[in-house]
A.B. asks: 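Below: one structure in structure tokens.
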Amino acid sequence: LGSRDWAVLSSPANLEDIDAFVCHSWHDNSEHQFEALQQWRAAFRARHKREPMLWLDTLCIDQSNPSVEIGNLPVFVAGCARFLVIA
């Protein structure tokens, strides 16, 4: 997907409604990270009977100009219910 195409996968949300801020490395194996995220998602769905609302930097920060929003990361992290590290 191109950078603009990612926007169709996101939706506005209030920070207090975000179930997890997802932290990952751009250098790690993306297939392994996706598998780990899917395992976490399945456990979340089983527990809460709904899909999780996630904060993903790729979707939530304008990747064409990330420096504008990087300074707000502490606010985004603090507003989420969990901090999920995918490695």
Side-chain angles (χ1 to χ4, degrees):
L1 290 173
S3 61
R4 283 188 250 202
D5 296 328
W6 285 108
V8 301
L9 300 175
S10 66
S11 62
N14 294 319
L15 276 178
E16 64 269 10
D17 297 332
I18 306 298
D19 297 304
F21 180 101
V22 179
C23 180
H24 65 95
S25 168
W26 289 92
H27 303 290
D28 288 343
N29 183 300
S30 60
E31 291 178 18
H32 293 158
Q33 291 181 61
F34 184 76
E35 177 64 29
L37 181 60
Q38 291 304 313
Q39 289 175 6
W40 181 86
R41 175 182 165 253
F44 183 95
R45 287 181 62 197
R47 196 172 325 120
H48 299 281
K49 309 297 186 230
R50 64 178 176 82
E51 291 290 342
M53 179 74 74
L54 303 176
W55 195 100
L56 299 166
D57 61 354
T58 301
L59 301 178
C60 299
I61 291 181
D62 180 358
Q63 298 299 305
S64 66
N65 191 10
S67 61
V68 171
E69 296 176 7
I70 292 296
N72 294 323
L73 280 177
V75 174
F76 299 143
V77 171
C80 297
R82 293 166 193 80
F83 188 79
L84 178 63
V85 178
I86 302 293

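Residue numbers run from 1 in the order of the sequence given.
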A.B. asks: Pick from Gln33, Glu31, Gln39: which one makes a side chain to side chain contact (heavy atoms under 4.5 Å, CB included) with Glu35?
C.D. replies: Gln39
A.B. asks: Closer than 3.5 angstrom, by distance alone: can the side chain of Asn29 be matched with the main-chain N or O of His32 as a donor-acceptor pair?
C.D. replies: yes
A.B. asks: Nearest 0.5 Å, what's the CG-CG distance between Leu37 and Leu56?
C.D. replies: 7.0 Å
A.B. asks: What do you reckon, is CZ of Arg82 surrounded by more than 12 foreign heavy atoms closer than 6.0 Å?
C.D. replies: yes
A.B. asks: Any chance you could measure Ser30, atom OG, to Ile86, atom CD1, to the nearest 0.5 Å?
C.D. replies: 12.5 Å
A.B. asks: Return each pair, listed once, that meets ring pair (Phe, Tyr, Trp, His ring centres under 6.0 Å) where at least one residue sits in residues 64-87; pairs must be two or more places apart or across chains.
C.D. replies: Phe21-Phe83, Trp55-Phe76
A.B. asks: Which residues pass the ring pair (Phe, Tyr, Trp, His ring centres under 6.0 Å) test with Phe34, sequence neighbours left out?
C.D. replies: none
A.B. asks: Quick one: side-chain contact (heavy atoms from CB on, under 4.5 Å) partners of Arg50, sequence neighbours excluded?
C.D. replies: Asp19, Phe44, His48
A.B. asks: Could you walk me through whether Val75 and Leu15 satisfy the side-chain contact (heavy atoms from CB on, under 4.5 Å) test, starting with their C-alpha distance in whole Å, then the side-chain angles of each, then the deciding distance to 0.1 Å, before giving a yes or no?
C.D. replies: CA-CA 9 Å; Val75 174; Leu15 276 178; 3.9 Å; yes
